[in-house]
Amino acid sequence: MGRLAQVLRLVPPSTDPRVLVDIRTSDDAGVFRLTDDIALVQTVDFFTPVVDDPYLWGAISAANSLSDVYAMGGTPVTALNVAAFPPGLMDADTLGRVLLGAADKCREAGVAVLGGHTVEDAQPKFGLSVTGVVHPDRVVTNAGAREGDVLVLTKPLGTGFLVSAVKKGLLPADGYDRVVASMGTLNRAASEAMMAVGVDAATDVTGYGLLGHLWEMCLGAGLGAEVVVERLPVLPHVEAMRALGAGTRGPRQLYEHLGCHVDLPSDLEPWLRDLIADPQTSGGLLIAVAPGRAEALLAALHERGVDDAVAIGRMVGGDRIRVVGASA
Ligand code: CO
Ligand code: CO
């Protein structure tokens, strides 16, 4: 988006026919056909600490990095740690706990951590490079949505507000437990459900918020979308934390980029306007499914314990995102 997109235009895209998905579609991961039956899904993600607890930071980073493979319908198989740490924190209590949190989350996912790379940096950063596999004919991209598809979101929104609230010492303990659990939850069950039912498109909701990632889905499909704001799943305390000053610059930046493509109801409450643009850490999958399969998808998600999964809107003709109230 923006400046980065301009820079990437300087790099000629690969002409290798085995490249099935690359940066050209702003998708979650790259996909490379290895044989007629196996394609590699590759992704890398790393970021600054979201919580003080090093173990939880490692686990959340791992869940977030693995998510890009799940969003493409792939099965992650191996991972490499990517770490930048101040020399004073390269000890067992900090870097060691981060790596352990990531390793435990990878073990839960059935992913082997093969190694990694650590450099010195004043500002700590951590994440994973993940390799997965998928059948070349079963790749789910963010570009395949069709008009009329139902949009399903699998995790509640609000992590940007709540992580900011944690850093300001504002978030009550029950809210902290809930947001950490949500960010640490793998999108594996959600991905398995969508692959079992068959869907048209998917992406995971991360740094560009619900609106930003939905907009990429719209661009990829040449369609617009409608989001029913009352249906959105929300983590507890978001409205109260925003009122106390928690939040990021994310929503404002997103509306500067996308505002001209989004129609908001004139009476939309400001916290909801910000919520749909709130940058998510390790957010849920946003799935576009044919209307005839939407009930089956929701049942498959709930059966697998993805309890917050809910239909939030649909793909429509046109080239705008329309945010509407419950009655529409
Ligand atoms: Co992603
Ligand atoms: Co990513």
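As the structure lists them, so they are numbered: ligands from 1, and atoms in each ligand from 1. Note that the coordinates shown come from a computational prediction; the quantities given were computed from them, not determined experimentally.
D68 has its closest N, O or S atom to the Co ion (ligand 1) at the position named OD1. Looking at D204, its N, O or S atom nearest to the Co ion (ligand 1) turns out to be OD1. Sorting the N, O or S atoms of D28 by how far they are from the Co ion (ligand 1) puts OD1 first.
Hydrophobic cluster membership of V316, counting Ile, Leu, Val, Met, Phe, Trp and Tyr whose side-chain heavy atoms lie under 4.5 Å apart directly or via other members: none, as it forms a cluster of its own.
With D37 contributing its side chain and H135 its backbone, the two residues share no donor-acceptor pair below 3.5 Å. A distance-only check finds a donor-acceptor pair linking the side chain of H302 to the backbone of A309 [under 3.5 Å].
In terms of the side chain to side chain contact (heavy atoms under 4.5 Å, CB included) criterion, residue partners of E256 (sequence neighbours excluded) are, by chain and number, R252.
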